[in-house]
Amino acid sequence: NRGPGSLVWRSLKPLLGLGLLQSLIAVTLVHTLGGAEWTTIGATSLVVGAGILAYLSLHFLLWVWRPTWVPAISIALAVIQIASVATLVPTEAFPAPYRLLEGLTPLAWFTDSLLAAVAGGDASRIAAGVISLVALAGVLTVLSVIAMKSRQAAALSEQLGLREVAATR
C-alpha cells in the first residue's frame with residue numbers, strides 16, 4: 001500500500017526506534033545520575049516515552065508540512081514552552097502573556113508528570129500527563145497523514161504538469 005498512512009508509518013518507524021533508544025538513555029540517567037528510586041522506573045518510563053513520542057510526532061509533522069521550517073519553529077516553540085513551566089523558571093519573571101501559558105503546554109505536562117513519577121507521587125498527575133502527551137501525539141500523527149496526502153497530491157499534479165510546486169517545499 002502506497003497511501004499516505006502507510007508512508008507515514010514507514011517513515012516514522014526508524015524515528016520510533018531512535019525514540020526508544022533516547023527513552024532508555026533518559027530513564028537510565030534519571031535513575032542513576034538523577035538519583036530517582038528504581039521503584040519508580042515504570043512511571044518514569046511511561047512519562048519519558050510519552051514525552052518523546054509527542055516530541056517526535058510534532059517534529060515529523062513539521063518535516064512533512066514544511067521541512068525548511070523545522071529548526072525555526074522548533075526553537076520558537078521551545079522558548080515559549082520553557083517560559084510556561086514554573087518548575088524550570090519562575091513564571092513571575094515573564095510578562096503576563098507567558099504566565100497565561102503556565103500548565104497549558106506539552107512541556108509543562110511532561111515536567112509535571114515526570115516530577116510526580118520521580119517522587120512516587122500522585123498517579124492521577126502522572127496519568128494526566130501521559131494521556132495528554134499520547135493524545136497530542138495521536139492528533140499530530142493524523143495531521144501528518146493529512147499533510148502527507150497533500151504532499152502526494154502536489155507531487156502527482158507536478159508530475160502530470162497540472163501545476164508547479166511551491167518553492168518552499
Side-chain angles (χ1 to χ4, degrees), residues 4-5 8-9 11-31 33-34 36 40-151:
V8 165
W9 175 243
S11 300
L12 269 176
K13 278 197 294 189
L15 293 176
L16 293 175
L18 180 62
L20 178 62
L21 178 63
Q22 289 173 334
S23 293
L24 291 172
I25 292 169
V27 168
T28 301
L29 290 173
V30 163
H31 289 280
L33 299 178
T40 64
I41 194 166
T44 56
S45 296
L46 278 174
V47 173
V48 169
I52 288 175
L53 184 64
Y55 178 84
L56 288 175
S57 299
L58 171 66
H59 285 82
F60 184 77
L61 172 61
L62 289 173
W63 175 74
V64 170
W65 179 55
R66 293 280 190 265
T68 57
W69 293 9
V70 173
I73 292 176
S74 180
I75 291 170
L77 289 175
V79 168
I80 291 169
Q81 288 193 93
I82 287 172
S84 73
V85 180
T87 55
L88 294 176
V89 179
T91 55
E92 294 80 22
F94 295 103
Y98 288 104
R99 288 189 296 246
L100 292 174
L101 295 174
E102 186 177 351
L104 299 177
T105 64
L107 184 59
W109 307 335
F110 175 78
T111 56
D112 182 59
S113 59
L114 186 60
L115 287 172
V118 167
D122 187 14
S124 64
R125 277 179 56 201
I126 299 167
V130 169
I131 290 168
S132 298
L133 291 166
V134 169
L136 177 65
V139 168
L140 294 170
T141 302
V142 168
L143 291 174
S144 294
V145 171
I146 293 168
M148 185 69 75
K149 185 174 183 174
S150 174
R151 298 275 313 255

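We number each residue from 1, following the sequence as shown. Side-chain atoms are counted along with the backbone in the values below, which use heavy atoms only and exclude waters and symmetry mates.
Summarising the geometry, atom CG belonging to Leu62 is positioned 10.5 Å from atom OG1 belonging to Thr68; distances are rounded to the nearest 0.5 Å. For the atom pair CG (Leu114) and CG (Leu46), the distance works out to 11.5 Å, reported to the nearest 0.5 Å.
The shortest heavy-atom contact between Thr111 and Ala108 is OG1-O, 3.2 Å. The two residues Pro106 and Leu136 have their closest heavy-atom pair at CG-CD2, 3.4 Å. A pairwise comparison of heavy atoms in Ser11 and Pro14 identifies O-CD, 3.4 Å as the closest pair. Of all the heavy atoms in Ser132 and Trp109, the pair that sits closest is CB-CE3, 3.6 Å. Closest non-hydrogen pair, Ala117 versus Ile126, comes out as CA-CD1, 3.6 Å. Pro71 and Pro67 get closest at one heavy-atom pair: CD-O, 4.3 Å.
Sorted pairs that involve residues 68-81 and meet salt bridge (charged side-chain N to carboxylate O under 4.0 Å, His left out), not counting sequence neighbours, are lacking altogether. Within the structure, every pair that satisfies the side chain to side chain donor-acceptor pair (under 3.5 Å) test and touches residues 50-60, not counting sequence neighbours, is listed here: His59-Ser74. Applying the salt bridge (charged side-chain N to carboxylate O under 4.0 Å, His left out) test to residues at least two apart or on different chains, none of the pairs has a partner in residues 133-143. Each salt bridge (charged side-chain N to carboxylate O under 4.0 Å, His left out) pair with one or both residues in residues 118-147, not counting sequence neighbours, appears once here: Asp112-Arg125. The stretch residues 13-22 participates, sequence neighbours left out, in no salt bridge (charged side-chain N to carboxylate O under 4.0 Å, His left out) pair at all.
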- Item | Worked verdict on Leu33 versus Thr28 for side chain to side chain contact (heavy atoms under 4.5 Å, CB included) | CA-CA 8 Å; Leu33 299 178; Thr28 301; over 6 Å; no
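Contact annotation: the side chain of Leu53 never approaches that of Leu133 to less than 4.5 Å [non-hydrogen atoms, C-beta and beyond].
When the side-chain contact (heavy atoms from CB on, under 4.5 Å) test is applied to Leu56, the partners found at least two apart in sequence or on another chain are Ile52. In this view, Val27 and His31, Ile41, Thr44, Ser45, Val48 satisfy the side-chain contact (heavy atoms from CB on, under 4.5 Å) rule, not counting sequence neighbours. Taking the ring pair (Phe, Tyr, Trp, His ring centres under 6.0 Å) definition, one finds that Phe60 meets it with Trp63, sequence neighbours left out.
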Compile the donor-acceptor pairs under 3.5 Å between side chains in residues 139-148 and protein atoms, sequence neighbours left out, one pair per line.
from	atom 1	to	atom 2	distance (Å)
Thr141	OG1	Ala137	O	2.8
Ser144	OG	Leu140	O	3.0

